[in-house]
Amino acid sequence: MSHVISTPADRPADTLTRLRRLHRAELPLATAALARYLIGKVLVREHADGRSSGRIVETEAYPPGDAAGHAFRGATRRNRALYLERGHAYVYFVYGSSYMCNVTSEAAGVGAGVLLRALEPLDGIDVMMLRRGISRVCDLARGPGRLAAAMAIDRRCDGIDLCAAGELWLAAAPRAAGPIARSVRIGITREIGRSWRFYERGNPAVSGPRRLRA
DNA sequence: TATGCGATATTCT
DNA sequence: GAATATCGCATAG
């Protein structure tokens with residue numbers, strides 16, 4: 001970054017993208033339908049650093065009964081939030097380095113969700129750059145671990161209601177989404193072959209190898 | 001551009 | 001003790 005354009009504290013509220021919070025009733029109940037529905041919607045983080053947000057451009061569904069899903073072997077302390085009513089955050093830590101942010105799906109008690117894999121940064125881009133230590137905008141939240149890092153999402157966000165005012169919430173699409181494509185999921189060893197990954201075709205903020213972005 | 005590898009810590013077996 | 005819904009760097013083509 002050659003120069004700083006503004007800091008969050010300086011930024012007037014009227015330069016932020018106008019966003020409307022999603023109502024839970026708008027969220028599809030079924031996991032794959034929700035995963036597709038979330039493409040183009042916005043994840044918003046209200047933090048001491050100011051607001052950061054991004055368009056969701058890549059998701060993966062982990063439906064009921066999916067052997068790759070964390071609820072497959074029943075409830076544990078880690079996956080507890082996954083059983084909440086749809087529209088809650090399920091955040092967990094993996095690989096000793098990355099947090100993953102999911103949106104719960106289905107009815108309360110079922111145990112299923114949608115992994116948020118990538119965002120196209122919208123507001124608070126300078127804060128995201130500071131958090132990530134890089135300046136290329138399309139790489140800030142390209143991949144689930146990077147997404148969480150860019151948005152300062154950690155285990156404290158686990159269980160948050162994303163349909164309520166708070167530190168983390170979901171907003172309606174600020175503009176129409178581009179064509180939505182689907183593919184197999186990334187980084188799993190079971191149920192490979194299921195086409196439960198959704199993404200906005202051609203968006204440079206989508207993760208994965210080229211063949212899974214076209 | 002693609003593939004491979006190590007780092008890392010939490011959870012579950 | 002094993003596995004892991006990843007990342008970033010290294011190396012080869």
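Order of the sequence lines sets the chain letters (A, B, ...), proteins ahead of strands, with each chain counted from 1. Since this is a predicted model, take the numbers as computed values, not measurements.
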Does some side-chain heavy atom of V57(A) sit less than 4.5 Å from a side-chain heavy atom of I39(A)?
no
Indicate, with a heavy-atom threshold strictly under 4.0 Å, whether R155(A) touches base, sugar-phosphate, or nothing.
sugar-phosphate
Nearest to the side chain of R146(A) - dG8(C), dA2(B), dT6(C)?
dG8(C)
Heavy atoms only, 4.0 Å cut-off, all strands: where does I188(A) land among base, sugar-phosphate and nothing?
sugar-phosphate
Just by distance, no angles: are the side chains of S52(A) and R45(A) close enough, under 3.5 Å, to form a donor-acceptor pair?
no
Report yes if a side-chain nitrogen or oxygen of R77(A) is closer than 4.0 Å to either non-bridging phosphate oxygen (OP1 or OP2) of dC12(B); otherwise report no.
no
With both distances under 3.5 angstrom, what nucleotide forms a Watson-Crick or G-U wobble pair with dA5(C)?
none
Show, in sequence, the C-alpha distance, side-chain angles and deciding distance for S195(A) and R182(A), and conclude whether the side-chain hydrogen bond (donor to acceptor under 3.5 Å, both in side chains) test is met.
CA-CA 6 Å; S195(A) 286; R182(A) 60 190 297 170; 5.0 Å; no
Do Y199(A) and R213(A) get their side chains close enough for a donor-acceptor pair, meaning under 3.5 Å?
no
Contact under 4.0 Å: R132(A) side-chain N or O vs dG8(C) OP1/OP2:
yes
Taking atom CZ of R24(A) as the centre, report whether more than 12 heavy atoms of other residues, nucleotides or ligands fall under 6.0 Å from it.
yes
Does dT6(C) have OP1 or OP2 under 4.0 Å away from a side-chain N or O of R117(A)?
yes
Should the pair Y99(A) and F93(A) be assigned to parallel (<30°), tilted (30 to 60°) or perpendicular (>60°) ring geometry?
tilted
Using whole Å, report how far CZ of R142(A) lies from P of dT6(C).
14 Å
R73(A) CZ to dT13(B) C1': how many Å, rounded?
10 Å
If I take atom CZ in residue R78(A) and atom P in nucleotide dA3(C), what distance separates them, rounded to the nearest angstrom?
15 Å
Return the residues of residues 90-106 of chain A meeting this criterion: a heavy atom under 4.0 Å from some atom of DNA chain B. Order them by number, or give none.
F93(A), Y95(A), G96(A)
State the pairing partner of dT8(B); accept Watson-Crick or G-U wobble contacts with both distances under 3.5 Å, and report none otherwise.
none
